[in-house]
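Notes follow once the structure below has been shown.
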Amino acid sequence: MLGRVNHVAIAVPDLAAATAAYNTTLGAKVTAPQALPEHGVTVVFVELPNTKIELLEPLGEGSPIAAFLAKNASGGIHHICYEVEDIIAARDELKKNGARVLGDGEPKIGAHNKPVLFLHPKDFFGTLIELEQV
Ligand SMILES: CC[C@H](C(=O)O)C(=O)SCCNC(=O)CCNC(=O)[C@H](O)C(C)(C)COP(=O)(O)OP(=O)(O)OC[C@H]1O[C@@H](n2cnc3c(N)ncnc32)[C@H](O)[C@@H]1OP(=O)(O)O
Ligand SMILES: [Co+2]
């Protein structure tokens, strides 16, 4: 089912400061900020030779990142995104195996304009999993 790691996401309280740290201190290429109001986030991607780091800041009311930062004020690793070839087949297989698919279970369009789904962190050893169809 799982393909490459598409990205590892880090929730941050200040996206500009986090971008500067990755761009200037760590010398990495960072994309421009992308507001995703339907997901309650503003994101940038740190581009690496073998994967990406997604830096996430809360956007608007009820952001899942705000809730995460309320428990982890300085930020922290938020989720890992795996690529899948067929997100509906993956979802149905996961549900059949008892995994909880978050939201209404229907894929939403993510930062890469691809369908994404999320799996409950409590079903995967305290790690929020995102699936992205490629
Ligand atoms: C799609 C656009 C973009 C992209 O890459 O394209 C993104 O990735 S957007 C990312 C932001 N969107 C999401 O995270 C959507 C999925 N997330 C959710 O539905 C919620 O955040 C949820 C259900 C994971 C957590 O909900 P809430 O914050 O209300 O916390 P709860 O108290 O209900 O949490 C229950 C339990 O889970 C632990 N928890 C919460 N978040 C995480 C996390 N990121 N990683 C690991 N564990 C997490 C929380 O501490 C609770 O544990 P407990 O032991 O019961 O205290
Ligand atoms: Co993500």
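Bear in mind that the values here come from a model prediction, so they are computed numbers and not experimental data. Indexing begins at 1, ligand by ligand and atom by atom, following the structure's order.
Inside a sphere of radius 2.8 Å centred on the Co ion (ligand 2), the protein N/O/S atoms present are His7 NE2, Glu54 OE1, His79 NE2, Glu130 OE1.
Contacts classified as ring-ring contact (aromatic ring centres under 6.0 Å, His included) and involving residues 43-77 (residues at least two apart or in different chains) are given here: His7-Phe45, Phe45-His112, Phe68-His78.
Using a 4.5 Å heavy-atom cutoff, the side chains of Glu38 and Lys108 are not in contact. The shortest side-chain heavy-atom distance between Leu15 and Leu55 falls under the 4.5 Å cut-off.
In this structure, the side chain of Arg91 engages the main chain of Gly105 through a donor-acceptor pair within 3.5 Å. Looking only at distances, no side-chain donor or acceptor of His39 sits under 3.5 Å from a matching main-chain atom of Val41.
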For a distance cut-off of 3.5 Å, show me each N or O of ligand 1 paired with any protein N or O, plus the separation.
from, atom 1, to, atom 2, distance (Å)
ligand 1, 5 (O), His7, NE2, 3.1
ligand 1, 5 (O), Glu54, OE1, 3.2
ligand 1, 5 (O), Glu54, OE2, 2.7
ligand 1, 5 (O), Glu130, OE1, 3.1
ligand 1, 5 (O), Glu130, OE2, 3.1
ligand 1, 6 (O), Ala111, N, 2.8
ligand 1, 6 (O), Glu130, OE2, 3.4
ligand 1, 8 (O), Glu54, OE1, 3.3
ligand 1, 8 (O), His79, NE2, 3.0
ligand 1, 8 (O), Glu130, OE1, 3.2
ligand 1, 32 (O), Lys71, NZ, 3.4
ligand 1, 44 (N), His78, O, 2.9
ligand 1, 50 (O), Lys71, NZ, 3.4
ligand 1, 54 (O), Lys122, NZ, 2.8

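Residue Leu69 is tested with Pro13, Ser63, Pro64 for a side-chain contact (heavy atoms from CB on, under 4.5 Å); the sole match is Pro13.
Residues that satisfy the side-chain hydrogen bond (donor to acceptor under 3.5 Å, both in side chains) test with Lys29, not counting sequence neighbours, are Glu47.
Of the charged side-chain nitrogens involved, none lies within less than 4.0 Å of a carboxylate oxygen, so that Glu83 and Lys114 do not count as a salt-bridged pair.
Hydrophobic clustering, with ILVMFWY side chains joined whenever heavy atoms are under 4.5 angstrom apart, groups Leu117 together with Phe124.
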